[in-house]
Structure formats: C-alpha cells, structure tokens
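All remarks here apply to the structure that follows.
Values below: every heavy atom of this structure, side chains too, minus hydrogens, waters and symmetry copies. Just so we're on the same page: letters track the sequence lines, and every chain starts at 1.
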Amino acid sequence: MAKNFSTRQENYSQWYNDIVIKADLAENSAVRGCMVIKPYGYAIWEKMQSALDKMFKDTGHSNAYFPIFIPKSFFSKEASHVKGFAKECAVVTHYRLKNSDDGKGIIVDEDAKLEEELIVRPTSETIIWDTYKNWIQSYRDLPILVNQWANVVRWEMRTRLFLRTTEFLWQEGHTAHATKDEAIAETKQMLNIYADFAENWMALPVLKGTKSPNERFAGAIETYCIEALMQDGKALQSGTSHFLGQNFAKAFDVKFLSKENKLEYVWASSWGVSTRLMGALIMAHSDDNGLVLPPKLAPIQVVIVPIYKKEEQLAQISEKANQIKKALQKKGISVKYDDRDTFKPGWKFSEYEFKGVPVRLVIGPRDLENETVEIARRDTLEKEVLKITDIENKVEHLLEQIQKNLFQKAYSFREDNTYKVDSWNEFKEIIDKKGGFLLSHWDGTEETEEKIKEETKATIRTIPLDNNPEEGKCIYTGKPSKQRVVFAKAY
RNA sequence: CGGGGUAUAGCGUAGUCCGGUUAGCGCGCCUGCUUUGGGAGCAGGAGGUCGCAGGUUCGAAUCCUGCUACCCCGACCA
C-alpha cells in the first residue's frame with residue numbers, strides 16, 4: 001500500500017502530500033480546497049485538542065460556541081479587520097432552493113434573498129464582541145475568558161492539505177479585561193501555553209516573538225506568534241496570540257463601569273491554533289519511510305504483531321500479547337494488538353512504520369521459547385530483542401526517550417539551520433541555497449521589509465521576545481538597528 | 001485570480017499526435033491451495049457511462065467547444 005512514495009530530497013512537497021494521503025491522515029474532498037480528515041488523522045487532532053483544552057481550562061478558560069454566520073454589518077465595524085479579511089470571505093445570500101423551470105435540476109430561489117447577507121466566519125471577533133457588549137456592564141463582569149472549538153472558512157487561492165485549506169478546524173480564545181496590562185498578560189500567557197504545547201507535546205521547538213506590522217493580525221495592536229522551522233528550511237507560523245487593545249470594544253461599544261465609577265472601554269485578546277499544526281507535526285519529524293509521530297500525540301503508541309505458523313501457535317502468542325497489552329494499558333499506554341490473519345507480518349511492519357507508530361513489539365515462536373520480545377522504535381528504526389520481564393516499564397521508558405529524541409533532533413536541525421547574517425550578499429545566498437532562520441538587523445520600516453520580500457521571498461517571521469539588544473546596521477539599507485529579527489521563507 | 005500541465009477500474013498507467021475488433025498492463029480486490037521473523041507464490045475470477053456536458057462523424061478514450069477537479073509556478077494567506 002505505501003510503496004513508491006517520494007523522498008524529501010526528490011520532491012519535498014510531493015513527499016508531504018504522499019505522507020498525508022498514504023498514512024491515511026486526510027484526503028481531498030469533492031469540494032474545492034476542503035479536506036476530509038480521516039479517522040487516523042482526526043485521532044491525532046483529537047489528542048492535540050484534549051491536551052490544549054486541558055491547558056486552557058487549567059488557566060481559567062471556559063468553552064462556549066458562537067454562530068458560524070456573521071451579519072455583514074458586524075463585520076465591517078472594525079476597519080482594519082474588514083480590510084484584512086474581505087478578500088477571502090464566503091457569503092450567504094439566499095436561504096432556499098427550488099426546482100428549475102425545465103425540471104432538470106435545482107436552482108437558487110431568487111425570492112429567498114436575505115435582507116442582510118451573512119458572512120461565513122473567517123474568525124469570530126466581531127460576533128463575539130457584539131455578544132460581549134451584552135455581557136459586560138461592570139468591572140465585576142470581567143475578565144471574560146472564553147474559548148471556542150470551531151470551523152472557519154477563508155477562501156484561499158491555493159490550498160494544501162492541513163497547511164492551508166478553505167475550511168479548517170481551530171480553537172479561538174476571546175478574552176475581555178478591565179485593564180491593558182491584564183489583557184497583555186493574557187496574550188503572553190497564551191503564547192507561552194502554545195509554545196509549551198508545541199515543545200512538550202509535538203516535540204517541536206518554536207521561537208516566540210512578535211510580528212512586524214506587515215504580518216500583524218487585522219485589528220490587533222500587537223501579534224505574538226510561535227514560529228517553527230520545517231525540514232525544507234521554510235518557517236511555519238504555528239500559533240498566534242493577539243493583543244487587540246480597545247479596537248473591538250470601541251467598534252462594538254463595549255464599556256464597563258470601573259471601581260472608580262468611570263465608564264471605560266474593555267481591553268481584549270484573541271488567540272488560536274488550527275489544524276495547520278498537523279502539517280507542522282508531519283513536516284517536523286517524518287522521514288523517507290513515512291510519518292513519524294511523537295508518542296504523546298500518537299493514536300497508537302505501541303503495536304504488537306504476532307508471528308506464527310499454526311493456529312495453536314497464534315493462540316499461545318495471543319495469550320502473551322494480551323498480557324502485555326493489558327500491562328501497557330494499565331500504564332495509560334495505547335496499544336493495538338494486530339492479530340489479523342489477512343495481512344503478513346512484513347506487510348504490517350511497513351504499514352505501521354509508514355503511519356508513524358512509535359513502538360512495535362513482535363512476538364514469534366522463538367520469543368515464546370526464550371521469554372523475549374523484539375522491540376523496534378520508529379524514530380531511529382532500531383530493533384532489539386528484550387527479555388519479556390518488566391516489559392511495560394521498558395516500553396514506557398522507551399516512549400519517553402522517543403519523545404525526547406524527536407525534540408532533540410528537531411532542535412539540532414533548527415540550530416544547524418539558523419544563521420547570523422550581516423551582509424546582504426550572504427543573506428541572498430543563504431535564503432536561496434539553504435533556507436532556514438536568518439538572524440539579521442532590520443531598520444524597522446515596512447518599506448524595507450517589503451523590498452526584502454520582493455527580492456528574496458523572505459519575510460520577517462518574528463521579532464524574538466528573548467532578544468538581546470545589539471547595535472547593528474540594517475541588512476538591506478545599512479541604517480542603524482537595535483536588534484536582530486528572524487527572516488525566513490514561510491508557508 | 002494569471003501562466004503551465006493532468007484527468008482511462010480503488011491506485012498507478014498504455015492507447016490520444018494519425019478516429020475503426022471485445023480499451024491493454026501492474027498493484028490492489030474476490031475464491032482456493034501452499035505460505036507467515038521486513039510489503040509471499042501459484043491457479044482461477046470480478047471490476048470501465050475512458051472527469052462532466054454538448055458538438056463533428058457511418059463510427060469518438062482519440063477531433064472541436066464549454067465546464068469541473070487536481071498538480072506545479074506566481075499573487076494572497078494561519
């Protein structure tokens with residue numbers, strides 16, 4: 001099944017597509033730009049969701065749900081917001097179909113035109129702030145810490161499975177605060193949660209920082225982001241957290257009475273990660289043998305494959321395998337015992353390898369005799385034969401090791417592909433030939449960023465938060481600069 | 001949305017230029033037997049409105065027109 005797929009070197013984007021399709025993560029649907037997330041892919045997303053959801057709840061947030069449709073008039077209330085999203089909105093204009101006059105099909109009933117068109121949400125700030133207006137009167141009503149898990153639609157020109165689809169799944173947090181400082185603290189807290197999730201669950205090292213004005217969210221005062229480096233040397237924005245100031249409060253007239261009995265506008269944040277994280281996960285760790293998953297997000301952490309000649313042998317092996325399965329499950333490890341007789345062991349090995357299952361246990365007649373089991377790890381493809389005693393602790397330990405190793409590998413890759421660059425020629429050379437993160441000085445102007453983008457396709461991915469101030473000269477204009485920023489080509 | 005390419009069985013493809021038997025092959029699928037420590041072997045079998053809609057023709061996978069989807073490159077973007 002998973003034979004004949006591309007390698008990263010041959011064709012990186014084909015390699016990515018092959019993994020998504022052949023590892024059964026997702027496929028294209030009958031609707032242009034929209035994907036079907038298949039059970040195996042969705043299981044990974046569910047693991048991401050539950051880990052993130054717990055982190056949100058642990059920091060005081062609650063889930064709620066707002067409509068998928070937004071009245072057009074709401075949408076246009078915040079000027080830069082509408083400007084940023086107008087070009088990619090799906091619009092509902094009618095609410096009824098009818099049979100066509102020639103009886104051959106079904107058409108839109110022109111009599112059923114909506115008084116006011118509805119926008120399919122590309123994000124929910126407007127409908128949520130219109131709602132918050134009714135929820136907030138006094139400082140006692142604040143803060144509001146709400147998240148929603150939802151689908152959104154952005155009508156993109158070019159789509160790629162998980163990385164950019166017309167409809168995608170995400171979570172969007174929308175918070176309301178009495179003070180500016182509190183809203184900024186919330187924005188930063190959520191950024192840290194995203195970074196924590198990326199590094200500890202996805203085994204994906206990320207840079208934390210802010211966006212340049214060019215790349216800022218439409219309607220935000222400041223956009224914070226986490227940026228990760230993919231194996232082809234391109235950057236992937238993996239999560240954003242926005243400090244919205246009072247922009248939406250002013251647009252929707254959301255005020256509260258402070259302790260001092262003064263009427264003030266509410267301060268806001270919003271933050272989100274999407275199914276794009278699936279793309280990041282795939283591109284961060286996978287190899288030319290297929291998907292590689294960090295144990296903490298793998299739907300199946302351990303697969304057990306029996307090898308046998310006769311039915312009675314299978315019965316003996318199954319007994320042993322089920323014992324191991326139970327012992328592992330007791331430790332909270334997800335195990336699949338694949339005793340299907342319709343596939344041969346070699347076929348199963350390749351299958352689970354391609355699907356990125358972190359650990360494979362093999363039990364055959366030899367193992368029954370010797371009280372052993374063969375254990376193979378997906379990240380390094382190493383195999384060894386272990387005594388079956390205490391196997392659950394050995395497996396648990398190995399899963400932890402794999403999780404660490406994947407992070408370490410991704411981290412070294414990023415280190416090896418991050419360059420301090422001070423000459424424009426070198427900058428162009430590295431961006432063109434190698435890719436990666438380039439740390440260079442920037443004069444802080446939009447014009448310079450635009451020019452660099454035109455000439456090299458590289459953009460400022462982030463202005464790192466943990467930056468050491470350093471006097472220098474802009475890589476492009478030579479004007480004075482106080483810190484380095486991160487340039488890269490981006491997804 | 002602009003440029004280029006592709007569309008034939010579940011998947012990959014031959015045939016298309018130059019119209020003419022029953023549209024061929026590999027993988028997969030089904031049945032049976034032999035197999036099982038890295039994608040098994042043999043035998044038999046099923047599966048096709050040739051992307052969709054028109055047109056030209058005695059005759060269209062093949063020629064013409066329109067549409068749709070997908071891939072690559074740009075612009076846009078999480």
Side-chain angles (χ1 to χ4, degrees), chain A residues 1-6 11-14 16-18 21-22 27-35 84-89 104-105 122-123 152-172 194 211 214-218 223 225-228 235-242 270-280 289-290 305-311 313-314 317 339-354 360-370 372-376 381 383 385 453-454 457 459 461 490-491:
Chain A
M1 165 224 174
K3 267 182 264 182
N4 302 325
F5 50 89
S6 304
N11 187 341
Y12 189 86
S13 53
Q14 190 60 46
Y16 173 81
N17 288 338
D18 284 353
I21 301 289
K22 290 173 181 166
E27 62 189 34
N28 284 304
S29 70
V31 185
R32 182 196 194 115
C34 295
M35 63 179 165
F85 285 104
K87 281 180 288 183
E88 51 188 33
C89 287
K104 281 182 181 163
T123 182
V152 286
V153 166
R154 296 182 188 175
W155 215 266
E156 302 289 352
M157 294 300 165
R158 243 178 102 188
T159 59
R160 290 195 69 193
L161 291 168
F162 288 121
L163 295 172
R164 180 172 304 110
T165 45
T166 300
E167 179 194 23
F168 57 94
L169 306 183
W170 78 346
Q171 57 68 214
E172 46 181 326
Y194 288 155
K211 285 292 189 190
N214 264 345
E215 302 273 332
R216 201 174 277 156
F217 175 74
T223 288
C225 63
I226 52 172
E227 291 281 330
L236 187 77
Q237 178 175 308
S238 307
T240 49
S241 183
H242 313 290
S270 71
W271 28 275
V273 295
S274 71
T275 35
R276 181 177 240 205
L277 287 179
M278 294 286 293
N289 297 299
V305 177
I307 291 171
Y308 58 94
K309 289 202 169 115
K310 298 171 206 149
E311 281 299 316
Q313 238 169 23
L314 175 62
I317 290 167
D339 61 350
R340 288 177 298 174
D341 192 37
T342 45
F343 294 94
K344 296 190 54 178
W347 192 94
K348 292 176 186 173
F349 295 172
S350 303
E351 172 82 358
Y352 293 111
E353 202 162 284
F354 199 83
R360 181 185 73 227
L361 299 178
V362 177
I363 308 173
R366 285 209 299 269
D367 297 303
L368 281 188
E369 261 176 57
N370 305 329
T372 56
V373 58
E374 183 191 86
I375 184 163
L381 297 171
K383 287 193 283 199
V385 176
K453 186 181 176 186
E454 276 169 31
K457 288 172 192 158
T459 49
R461 296 327 302 155
Y491 272 94

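The P atoms of B:G20 and B:A60 are separated by 11 Å, rounded to the nearest whole Å. The same atom, P, is picked in B:U6 and in B:A46; the two are 34 Å apart, to the nearest Å. Taking atom P in both B:G47 and B:G24, the straight-line distance is 13 Å, to the nearest Å. Nucleotides B:G59 and B:C76 place their C1' atoms 49 Å apart, quoted to the nearest Å. With C1' as the reference atom, B:C50 and B:G15 are 11 Å apart, rounded to whole Å. Atom P of B:C18 sits at a distance of 14 Å from the matching atom of B:U62, rounded to the whole Å. Between B:A61 and B:G51, the distance separating the two P atoms is 10 Å to the nearest Å. Nucleotides B:G2 and B:C67, compared at atom P, are 11 Å apart to the nearest Å.
Using a 4.0 Å heavy-atom cutoff across all strands shown, A:Gln237 reaches sugar-phosphate atoms only and no base atom. Looking at heavy-atom distances under 4.0 Å, A:Thr240 makes no contact with the nucleic acid at all. Nucleic acid contact class of A:Leu163 (heavy atoms, under 4.0 Å, all strands): base. At a threshold of 4.0 angstrom between heavy atoms, the contacts of A:Glu353 include nucleobase atoms, whether or not backbone atoms are also involved. In this structure, A:Thr165 reaches the bases: a heavy-atom distance under 4.0 Å links it to at least one base atom across the strands shown. The residue A:Gly33 sits close only to the backbone: its heavy atoms come under 4.0 Å of sugar-phosphate atoms, none of a base. Using a 4.0 Å heavy-atom cutoff across all strands shown, A:Phe168 reaches at least one base atom of the nucleic acid. A:Asn17 comes within contact range of the sugar-phosphate backbone alone, with a heavy-atom separation under 4.0 Å but no base atom that close. Residue contacts for A:Arg160: at a heavy-atom cut-off of 4.0 Å it reaches no nucleic acid atom on any strand shown. Within 4.0 Å of A:Lys383, counting heavy atoms only, lies at least one base atom of the nucleic acid. At the heavy-atom level, A:Ser13 lies under 4.0 Å from the strands shown only through sugar-phosphate atoms.
Across all strands shown, B:A69 forms a Watson-Crick or G-U wobble pair with B:U6, both key distances being under 3.5 Å. In this structure, B:C1 forms a base pair with B:G74, meeting either the Watson-Crick or the G-U wobble geometry with both donor-acceptor distances under 3.5 Å. Remark: B:G20 base-pairs with B:C58. Criterion, Watson-Crick or G-U wobble with two distances under 3.5 Å. Base pairing annotation: B:G39 forms no Watson-Crick or G-U wobble pair, as no partner gives both donor-acceptor distances under 3.5 Å. Pairing of B:G44, defined by two Watson-Crick or G-U wobble distances under 3.5 Å, is identified with B:C30.
Side-chain contact check for A:Trp170 versus A:Glu172: some heavy-atom pair is nearer than 4.5 Å. For the pair A:Lys348 and A:Glu353, the minimum side-chain heavy-atom distance is 4.5 Å or more.
In terms of position on RNA chain B, the residue among A:Arg32 and A:Phe85 whose nearest nucleotide sits closer to the 5' end is A:Arg32.
Ionic pairing of A:Glu351 and A:Arg360 is not present here: no N-O contact between side-chain nitrogen and carboxylate oxygen is shorter than 4.0 angstrom. No salt bridge links A:Arg154 with A:Glu167; every basic N to acidic carboxylate O contact stays at or beyond 4.0 Å.
Interatomic distance, A:Ser270 OG to A:Phe217 CZ, rounded to the nearest 0.5 Å: 5.0 Å.
A:Gln171 places a side-chain N or O within donor-acceptor distance of the main-chain N or O of A:Val273, the cut-off being under 3.5 Å. A distance-only check finds no donor-acceptor pair linking the side chain of A:Tyr194 to the backbone of A:Ser238 [under 3.5 Å].
Taking only distance into account, the side chain of A:Lys309 never meets the base of B:G37 through a donor-acceptor pair shorter than 3.5 Å.
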Next on the checklist: One character per nucleotide, please: for nucleotides 29-34 of chain B, 5' to 3', B when the base has a protein heavy atom closer than 4.0 Å, S when only the sugar-phosphate does, - otherwise.
Outcome noted: ------
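Set against B:U36, B:C71, B:A75, the side chain of A:Asn28 has B:C71 as its closest nucleotide.
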